[in-house]
Amino acid sequence: MRTEKRLFIFALAILTAGGCDDSWGDDGDDEHECATPSRPIERASGALSNGRFEWICVENSDPTCGSRVFPLAVAAGARFSLDFRTSSELPAGVGDPMLSAVGASLVGGDGTGFSAPLPGVATVVAVSEEAAIDFIEVEVLSVTRLSLSRTLPPPEPNEWGCTPGAPSPAEGERADLVVGDSFTVQVMPYAGSTRLGGGLDYTWESLTPDVLVVSNPGGRVARLDGLSEGIGQLVVRGGGHEEVFDVRVDAAPIPDETESAGTDGSTGGEDGSTGGEGESTGDGGTTGGEDGTTGDEEGTTGGEEGTTGGEETSGGSK
Amino acid sequence: MKGRVLILVAALFAAACSPSYDGLRMTVLEGASTAEVDSAGIELVHGRVVVFEARPVSSVDKDYEVSDTVELESTDDGVARVEPGVLVNTWMMFGVEPGDTEVEVRINGTTEDRIPVTIVSASEGS
């Protein structure tokens, strides 16, 4: 297998990376929706427009959790559930539908949820005792890429519960880790450029535990702690795919003593070098704690898209 | 003798007033674009669904009425399953497993036809 490493650099600011996620569409149900590009509505509606299929995330490793959207495709090996709401325009006599999967790429149905063992196209049908009401095709794709993005503290939601664009690193800015600092990241599975839905099992491992420590409270979120200066290597595995990410851990920044020390001049600069390290460690610990708290929240809530931001980066496939 | 003639005439008259099955007119409405649906045979990819309208065709001047009951039933639900749709004369067929089966066509309770069905694997159908 080929191993390719890329620096874990947050390069571009994505204004839409905040409260309303950019790639998952919405099906236009709510009166006040976050302004996002929507995926075609017929993907959530049944093919016959006799009702609507609703995606239900069953575990917090599913990136659709909290996003109220129907993914374009499902990751092979993923787990999810669906619900179906019959159109009110249909006669009452059509009965209550049960959902079931047709095809080898998808198994399961009502009550048990669905799992997607194989890549391919499968169909979920809504059938009552009286009639076949509707169906939806589900594309199951193998994970070909994992992407990491740094999670940021959630911005305040507006009156409709939509969060505006979250603060992101400015263009060209590197958001590398600093010794003594920490932040949380979340992984997103892709097939090419298509984001994949469904819950997957992820494992996280630091290949350089002396430089970088990774802890995964669950789901697709992990906390990174910088221990010492250097290039830390992080392995993320999920959906039968694994990627290696390099995370640069920089030395703690040295505070400008000329500003804080007032008129101390050149002597203050030397003092600042020593004092700066001590202060940075302390600051880093404080910052790390805050980020860690955010990360824990992300994990608990299933990594709601609305609370995340930052840039995504791809690692090297293995 | 006269009575027998009258009965024969009545029978002929009744036959002339009843439709005579001459196949199904099938039209795909939705579903797998690769599906082939025809009264001569149906081919569908495993894991896919096709929705079609099926109306019986009469070989005589008398056409089938809405009140005539049309039923389609797969002889092997493990290969292909067919269920009535929400709209009149519409049907949904599922490609359950690769293989061959038949759809039995019953009109007013009488089996009139058997349509061969082939469910092909996804690799064959793509």
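A, B, ... follow the sequence lines: proteins, then strands. Residue 1 opens every chain. The basis for the numbers below is simple: all heavy atoms, side chains too, and nothing from hydrogens, waters or symmetry mates.
Between B:Met92 and A:Leu48, some side-chain heavy-atom pair lies under the 4.5 Å cut-off. Contact annotation: the side chain of B:Glu83 never approaches that of A:Val125 to less than 4.5 Å [non-hydrogen atoms, C-beta and beyond].
Interface residue B:Val86: backbone and side-chain heavy atoms are both found under 4.5 Å from chain A. The contact between A:Val121 and chain B is made by backbone and side chain atoms together, counting heavy-atom distances below 4.5 Å.
B:Arg25 CZ: 12 or fewer foreign heavy atoms inside a 6.0 Å radius. Annotation: A:Asp96, atom CG; neighbour count of heavy atoms from other residues, nucleotides and ligands within 6.0 Å does not exceed 12.
Listed here is the closest heavy atom pair of B:Gly85 and A:Ala131: O-CB, 3.8 Å.
Comparing B:Glu97, B:Arg81, B:Arg48 by how many heavy-atom pairs each has under 4.5 Å with chain A, the most go to B:Arg48. Ranked by heavy-atom pairs under 4.5 Å with chain B, the first of A:Ile133, A:Leu106, A:Val94, A:Asn50 is A:Ile133.
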